[in-house]
Amino acid sequence: MRVLVTGGAGYIGSTVARRLVDVGHEVIVLDNLSQGHRAAVPEPATFVEADLRARDRVARLLADHRPAAIMHFASHTLVGESMEAPLRYLDDNVRCGLNLMRAAVETGVERFILSSTANLFGLPERIPIDEDVTVDPGSPYGESKFILERMLHWLDERHGLRFAALRYFNAAGAAGPDQGEDHDPETHLIPLVLEVALGQRDQIVIFGDDYDTPDGTCVRDYVHVLDLAQAHILALDALGEGSRVYNLGNGDGYSVREVIETARRVTGHPIPAEVGDPRPGDPATLIAASDKIHRELGWTPQHGALEDIIGSAWEWHRRHPHGYAAA
Ligand code: UFG
């Protein structure tokens, strides 16, 4: 199948693009390189540098390439940043998705996979979080993804655009020793902790220790990026039978302190930590119930152990302390 991957030079997008290539799909990566890296795009994929905010360009690109499916990763993705700059998230994320969906409908694309998020659940009424938990986004970022999910719902209803909304919990780990997470600036817990282990930072600041959790720090469900990639492959095939929404996580929650402690064991470095202020928009606990995708598509995470997730990320960071810049 010819698959257009937006954000395919980014952390999750490039991992999925590589997996698509490996299983025999033809991949076209579209990325504006604002966060992504040209070096992260898998070799046989066609690369197009383009910005999804340019509606006419997006329409032309789809008309030229005529993909059978779209996977839409390109997005602003930071919960905390979206609390500071809500309009940037509500404008760019929604507009880019809309431009892409419009072009998809106009050119007859039949399958659309959206990167959605656990931040759809700001104050979940139960944990673990299954797909029937009430959506109540925790930030403008989560809201922007929910708007895209709802747009897809209507485009399926009225135009037959089949979609899968894959709500990632905390994507983490590296796909291989030469393919990993590289954001500028970095804001995610695991890479920051590993930068402390590498001596690139003095310490990690824990964003609040007064949450209603066992040790007072936020609890998250860290899911390996390779397991997320596998979910995309399964969802792409399953779209032949209709649209679907899945929550993707391991079903295990780890606190910020537990992540730091595990990283100390994995790396053998002391990793100094200090408690700072909470970060606006951070829910206390997010843990997925992924029974639905397991039941329907047989998705079973293969890299669920936190040691493995952090271990793979550590390998990447050690080998590439400056990310893709020196690749
Ligand atoms: N944290 C710290 N110190 C730091 C960085 C993070 O204590 O320096 C804490 C955060 O407060 C949070 C946890 O570590 O409790 C994880 O934070 P990340 O920034 O790594 O990830 P988020 O949970 O904020 O967000 C990530 C993705 C989102 C996605 C979300 C789903 O960035 O796109 O997971 O849960 F929506």
Side-chain angles (χ1 to χ4, degrees), residues 11-12 15-16 77-80 114-139 141-142 145-146 149 164-175 181 187-194 206-208 211-232 234-235 245-263 266 278-279 281-295 297 299-313:
Y11 169 47
I12 308 175
T15 303
V16 177
T77 61
L78 302 177
V79 174
L114 172 71
S115 296
S116 189
T117 174
N119 198 259
L120 251 49
F121 308 102
L123 274 177
E125 70 236 21
R126 60 179 178 272
I127 302 280
I129 304 167
D130 57 61
E131 291 79 2
D132 295 329
V133 167
T134 309
V135 172
D136 182 13
S139 71
Y141 162 62
K145 292 288 183 173
F146 189 48
E149 284 196 8
L166 301 183
R167 298 158 170 179
Y168 317 148
F169 281 59
N170 284 57
E181 193 167 4
T187 62
H188 295 97
L189 180 63
I190 291 177
L192 285 177
V193 164
L194 296 178
I206 297 170
F207 294 151
Y211 287 93
D212 184 14
T213 61
D215 70 14
T217 67
C218 288
V219 170
R220 294 287 180 276
D221 182 339
Y222 295 89
V223 53
H224 200 290
V225 68
L226 284 175
D227 287 324
L228 292 181
Q230 181 58 13
H232 287 75
L234 296 171
V245 172
Y246 296 123
N247 293 356
L248 298 182
N250 284 304
D252 299 316
Y254 293 96
S255 72
V256 175
R257 283 195 194 282
E258 286 173 320
V259 168
I260 298 169
E261 203 42 61
T262 307
V266 168
R279 186 171 62 180
D282 279 347
T285 303
L286 292 174
I287 301 173
S290 295
D291 308 47
K292 186 176 172 212
I293 187 168
H294 176 70
R295 202 171 52 243
L297 307 187
W299 183 71
T300 309
Q302 302 296 310
H303 311 274
L306 188 61
E307 267 88 3
D308 295 347
I309 290 173
I310 294 181
S312 67

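- Every residue two or more places apart in sequence or in another chain that forms a side chain to side chain contact (heavy atoms under 4.5 Å, CB included) with S115 is listed here: F73, K145, Y168.
- G142 and T117 make their closest contact through CA-CG2, 4.2 Å (heavy atoms, listed as atom of the first residue, atom of the second, distance).
- Residues passing the side chain to side chain donor-acceptor pair (under 3.5 Å) test with T213, sequence neighbours excluded: none.
- For the pair Y211 and P278, the tightest heavy-atom approach, listed with the atom from each and the gap, is OH-CB, 3.4 Å.
- Atom CG of D227 sits about 5.0 Å away from atom NE2 of H303, to the nearest 0.5 Å.
- Interatomic distance, T187 OG1 to L78 CG, rounded to the nearest 0.5 Å: 4.0 Å.
- Taking S290 as the reference, nothing meets the side chain to side chain donor-acceptor pair (under 3.5 Å) condition, with sequence neighbours excluded.
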*Residues K292, N247; criterion side-chain contact (heavy atoms from CB on, under 4.5 Å); working and verdict*: CA-CA 8 Å; K292 186 176 172 212; N247 293 356; over 6 Å; no
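- Remark: D282 pairs with R279 by the salt bridge (charged side-chain N to carboxylate O under 4.0 Å, His left out) rule, at least two apart or across chains.
- Contact check for H188 versus E181: side-chain heavy atoms found under the 4.5 Å cut-off.
- For the pair N250 and Y222, the minimum side-chain heavy-atom distance is 4.5 Å or more.
- Atom CG in N170 sits 8.0 Å away from atom CD1 in I190 (nearest 0.5 Å).
- Contact check for T217 versus E258: no side-chain heavy atoms found under the 4.5 Å cut-off.
- Taking all atoms of both residues into account, the shortest heavy-atom contact from F169 to D221 is CB-O, 3.5 Å.
- For the pair L194 and I310, the minimum side-chain heavy-atom distance is below 4.5 Å.
- Within the structure, every pair that satisfies the salt bridge (Lys or Arg N to Asp or Glu O under 4.0 Å) test and touches residues 122-133, not counting sequence neighbours, is listed here: R126-D130.
- Residues passing the salt bridge (charged side-chain N to carboxylate O under 4.0 Å, His left out) test with R220, sequence neighbours excluded: none.
- The OH atom of Y254 lies 15.5 Å from the CD1 atom of I260; values are rounded to the nearest 0.5 Å.
- Residues satisfying the side chain to side chain donor-acceptor pair (under 3.5 Å) test with N119, not counting sequence neighbours, are S139.
- Remark: E149 CD to L114 CG distance equals 6.0 Å, nearest 0.5 Å.
- In terms of heavy-atom proximity, I12 sits nearest to V225 at CA-CG2, 4.0 Å.
- Under the rule for a side chain to side chain contact (heavy atoms under 4.5 Å, CB included), the partners of S312 that lie at least two apart in sequence or sit in another chain are A174, H224.
- Closest approach of A172 and I309 over heavy atoms only: CB-CG2, 3.6 Å.
- In the model, D136 has no side-chain atom that pairs as donor or acceptor with a side-chain atom of T134 under 3.5 Å.
- Screening residues 302-313 for salt bridge (Lys or Arg N to Asp or Glu O under 4.0 Å), with sequence neighbours left out, gives R265-E307.
- Between D252 and I287 there is no side-chain heavy-atom pair separated by less than 4.5 Å.
- No side-chain heavy atom of L234 sits under 4.5 Å from any side-chain heavy atom of I293.
- Remark: H294 pairs with T300 by the side chain to side chain contact (heavy atoms under 4.5 Å, CB included) rule, at least two apart or across chains.
- The closest side-chain heavy-atom distance from L189 to F207 is not below 4.5 Å.
- Here the CG atom belonging to D291 is positioned 12.0 Å from the OH atom belonging to Y246, to the nearest 0.5 angstrom.
- Residues passing the side chain to side chain contact (heavy atoms under 4.5 Å, CB included) test with A164 are I113, L166, A235, L239, R244, sequence neighbours excluded.
- Across every non-hydrogen atom of P283 and C218, the tightest pair is O-SG, 3.6 Å.
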